[in-house]
Amino acid sequence: MNLKKMPVTMTKGVVQNAMASGEYDTGIEAKIQLLQIAIAPTKLTTVEELVLRYVLEGESYTEIALKLGYNYDYIKSIGSKLWQLLSKSLGEPITKRNLNSVIKQKLASVKIDKTPPKSQLNLPPKIQDWEESIDTSFCFGRIEEISILKQWIRQDKCRLVSILGMGGMGKTALTARTVEHLQGDFDYVIWRSVRHLPSLDELLTDILQVFFAARENDLADDTNSRINCLLAYLKNYRCLLIIDNYESFILSSKNIEHKFTSPPAPSLEGKGSQVPPFPSREEGLGGLSLSIGQYLPDYEEYSQLLRRIGEERHQSCLLLTSREKPTRLAAKEGEKLPIRSLNLKGLGVPEAQSIFQSIGLSLSESAGKQIVHRYSGNPLILKTAATVIRDLFERDVKEFLAQDTLIFSEIASLLNQQLDRLSSLEWQVMDRLIVYREGVSLEQLQNDLHHSVSKSQLIEALKALKWRSLLETAMSQYKLPHLVSKHLAKHSAR
Ligand SMILES: Nc1ncnc2c1ncn2[C@@H]1O[C@H](COP(=O)(O)OP(=O)(O)OP(=O)(O)O)[C@@H](O)[C@H]1O
Ligand SMILES: [Mg+2]
């Protein structure tokens, strides 16, 4: 539509929404919508819209460049292109100076149409950028978890949500299903796995390039400016960012001990199919007063990203999946706060039955209970078990269950990766916990350790195990997940 030739008709909803959206100056949304209608079918790019928005808010090019993390010259060139485009569409010369007053006049003459055609809403495009596609068609259950996550993200407008749980527990699958439910709420959905350990700068550049195809040297050099730039998008658009495998950035306790005893050992264990050896329980500093969930050297800047996304006002959400909880996150979480985490538990019998069915096996209720208990409802292990029963036990679930000690290389590999990260104090606590299948109190544990560690050190170690998804707690009693104690028992028996 060209405003110099036709009367402007704006939707009542657009104007009302704009007026009601308390986040910005009342009226800015209406002005932007008006300009979008004026230039249609041309669409503003994300960065053009942001420059327009900030100019309407009275910001200088220097301030905009600083806020968005781009060079001054680049922002200025975007501005000049905008004024040319708008001058042509509005039929009068538009400059940075007169933009606000011209738009005000135009808005005053806008006729409000009560029943607008939807196409005139000219909503920003929905952009999805999933690095890898995740098939969720055989993902069962998790209704409650999805509804909690929907509540947190949609209703409670949480800014930082983490999904925690041991390897194979279904964090990625649950996240993918949740995103399917919520993606319609967002202008941008961007999914990145960080298993390959990108530096924060690399990740920010990659994400910012989804918002706008900027060349690397159009972006400001320092990390802080790039975070500013990301936050500007998170404020102005509703974005859902997903960072999968966040544990890749977290140092193991064992390596923290090495920091104090010897040069750091290579910390990035492979995740290949070969079973890593059972972790050694070497003596270290006993994990005393070493804080858990710390970042690998060179990756500490990520904590700044999390802090700013969690604490600053914006309308977006960062969803993390991690086997371990990052440090400093817990203190900021809370039921009433916009930072929360969900500890993912195992699947139940009906879901195990569905998994077996999808592999062509039937699983009775009682066998289902045993299998779920034995493998702590871990979906990856349930799938592996079902395949083994089909291929090696001629589909005989009972026969398989009779092999009480059976533990597959996949399970050993999964658990060893996690056990290999424990400090020696965490190992000592694990050794005691194996004895108490039904759970043990803090006092009893301290007695068992002959009071060689203080209560607060013991609590630290228990917290670390919990954060690594290696501990279950109920009514002040602590115990190991069945799968873990079984695996440990097998190795202690050797
Ligand atoms: N609810 C479910 N129903 C059926 N299968 C599931 C379910 N959740 C996960 N799975 C399957 O279990 C396997 C492990 O799931 P997923 O990769 O999501 O685990 P994860 O917790 O992300 O593991 P990791 O810590 O290694 O990243 C996958 O093959 C996935 O398809
Ligand atoms: Mg995963």
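Just so you know, these numbers come straight off a predicted model, no measurement behind them. Remember, it's 1-based here, ligands and their atoms both numbered in the order they're listed.
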Asks: Applying side-chain hydrogen bond (donor to acceptor under 3.5 Å, both in side chains), name anything that partners Lys466, two or more places apart in sequence or on another chain.
Replies: Thr473
Asks: Classify the contact between Arg323 and ligand 1 as side chain, backbone, both or neither, using a heavy-atom distance cut-off of under 4.0 Å.
Replies: side chain
Asks: I'd like the name of whichever of Gln417, Gln418, Lys383 reaches closest to atom 30 (C) of ligand 1 through any heavy atom.
Replies: Lys383
Asks: Report yes or no: does a heavy atom of Glu351 sit under 4.0 Å from some atom of ligand 1?
Replies: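 Not so, Glu351 does not reach ligand 1.
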Asks: At a cut-off of 2.8 Å, what protein N/O/S atoms sit near the Mg ion (ligand 2)?
Replies: Thr172 OG1
Asks: Only heavy atoms of Asn245, strictly under 4.0 Å: list the atoms of ligand 1 that pass.
Replies: 27 (O)
Asks: Indicate whether the side chain of Tyr233 and that of Asp187 have a donor and an acceptor atom separated by less than 3.5 Å.
Replies: no
Asks: Heavy-atom contacts under 4.0 Å between Asp244 and ligand 1: side chain, backbone, both, or neither?
Replies: neither
Asks: Nearest 0.5 Å, please: how far is CG in Asn343 from CG in Leu164?
Replies: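 CG of Asn343 is found 5.5 Å from CG of Leu164.
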Asks: Between Met169 and ligand 1, is there a nitrogen or oxygen pair with a distance under 3.5 Å?
Replies: yes
Asks: Mark up the atoms of ligand 1 that fall under 4.0 Å of a heavy atom belonging to Ala173, in ascending order.
Replies: 8 (N), 9 (C), 18 (O)
Asks: Is the closest side-chain donor-acceptor distance between Asn447 and Glu443 under 3.5 Å?
Replies: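 Checked: Asn447/Glu443 side chains show no N/O donor-acceptor pair below 3.5 Å.
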Asks: Without placing hydrogens or testing angles, list every side-chain donor-acceptor pair under 3.5 Å for residues 349-364, not counting sequence neighbours.
Replies:
from, atom 1, to, atom 2, distance (Å)
Glu351, OE1, Gly348, N, 2.9
Gln353, NE2, Leu363, O, 3.0
Ser354, OG, Pro350, O, 3.1
Ser358, OG, Ile355, O, 2.6
Ser364, OG, Ala367, N, 3.1

Asks: Give yes or no for whether the N/O distance cutoff of 3.5 Å, strictly under, is met between Glu247 and ligand 1.
Replies: no
Asks: Taking only heavy atoms of Pro379 into account, list the atoms of ligand 1 that are under 4.0 Å away from them.
Replies: 6 (C), 7 (C), 8 (N), 9 (C), 10 (N), 12 (O)
Asks: Please determine, by modelled atom types, if His487 and Asn416 share a side-chain donor-acceptor pair under 3.5 angstrom.
Replies: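 There is such a pair (donor and acceptor under 3.5 Å, judged by atom type) between the side chains of His487 and Asn416.
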Asks: Go through the side-chain N and O atoms of Glu324 and Tyr246 and say whether any donor and acceptor fall under 3.5 Å apart.
Replies: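 Result is no, nothing qualifies.
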Asks: Does the pair Asp156/Arg340 count as a salt bridge with the N-to-O cut at 4.0 Å?
Replies: yes
Asks: Over 60° means perpendicular and under 30° means parallel, so tell me whether Tyr375 and Phe400 are parallel, tilted or perpendicular.
Replies: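 The rings of Tyr375 and Phe400 sit tilted, inter-plane angle from 30° to 60°.
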Asks: Please list, in number order, the atoms of ligand 1 under 4.0 Å from a heavy atom of Arg195.
Replies: 27 (O)
Asks: Can you find a non-hydrogen atom of Glu145 under 4.0 Å from ligand 1?
Replies: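 Contact check Glu145 vs ligand 1: negative.
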Asks: With Pro338 as reference, evaluate Glu311, His314, Arg159 under the side-chain contact (heavy atoms from CB on, under 4.5 Å) test and give the passing residue.
Replies: Arg159
Asks: Report yes or no: does Gly141 have a heavy atom closer than 4.0 Å to ligand 1?
Replies: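 It does not, in that no heavy atom of Gly141 comes within the 4.0 Å cut-off of ligand 1.
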Asks: Should we say atom CD of Gln155 is surrounded by more than 12 heavy atoms from elsewhere, each under 6.0 Å from it?
Replies: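 Yes.
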Asks: With sequence neighbours left out, write down each residue that passes side chain to side chain contact (heavy atoms under 4.5 Å, CB included) with Gln477, or none if nothing qualifies.
Replies: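 With sequence neighbours excluded, Gln477 shows a side chain to side chain contact (heavy atoms under 4.5 Å, CB included) to Ser441, given in chain and number order.
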Asks: Can you name the atoms of ligand 1, numbered from 1 with element, that are less than 4.0 Å from a heavy atom of Leu380?
Replies: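 Ligand 1 atoms under the 4.0 Å threshold to Leu380: 12 (O), 13 (C), 14 (C).
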Asks: Of the side chain and backbone of Leu347, name the one, both, or neither that has a heavy atom under 4.0 Å from an atom of ligand 1.
Replies: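 The answer is the side chain of Leu347.
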Asks: Counting both backbone and side chain atoms, is some N or O of Gly168 under 3.5 Å from an N or O of ligand 1?
Replies: yes
Asks: Tell me whether Asp244 is salt-bridged to Arg192, with the criterion being a basic N under 4.0 Å from an acidic carboxylate O.
Replies: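 Not counted as a salt bridge, because no side-chain N and carboxylate O are separated by less than 4.0 Å.
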Asks: Decide whether Arg226 and Thr205 meet the rule of one side-chain donor and one side-chain acceptor closer than 3.5 Å.
Replies: yes
Asks: Against ligand 1, does Ile355 come closer than 4.0 Å with any heavy atom?
Replies: yes
Asks: Between Gly170, Ser469, Ser322, flag the one that comes closest to atom 16 (P) of ligand 1 by a heavy atom.
Replies: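 Closest candidate by heavy-atom distance is Gly170.
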Asks: Hey, does Gly165 sit under 4.0 Å from ligand 1 if you only count heavy atoms?
Replies: no
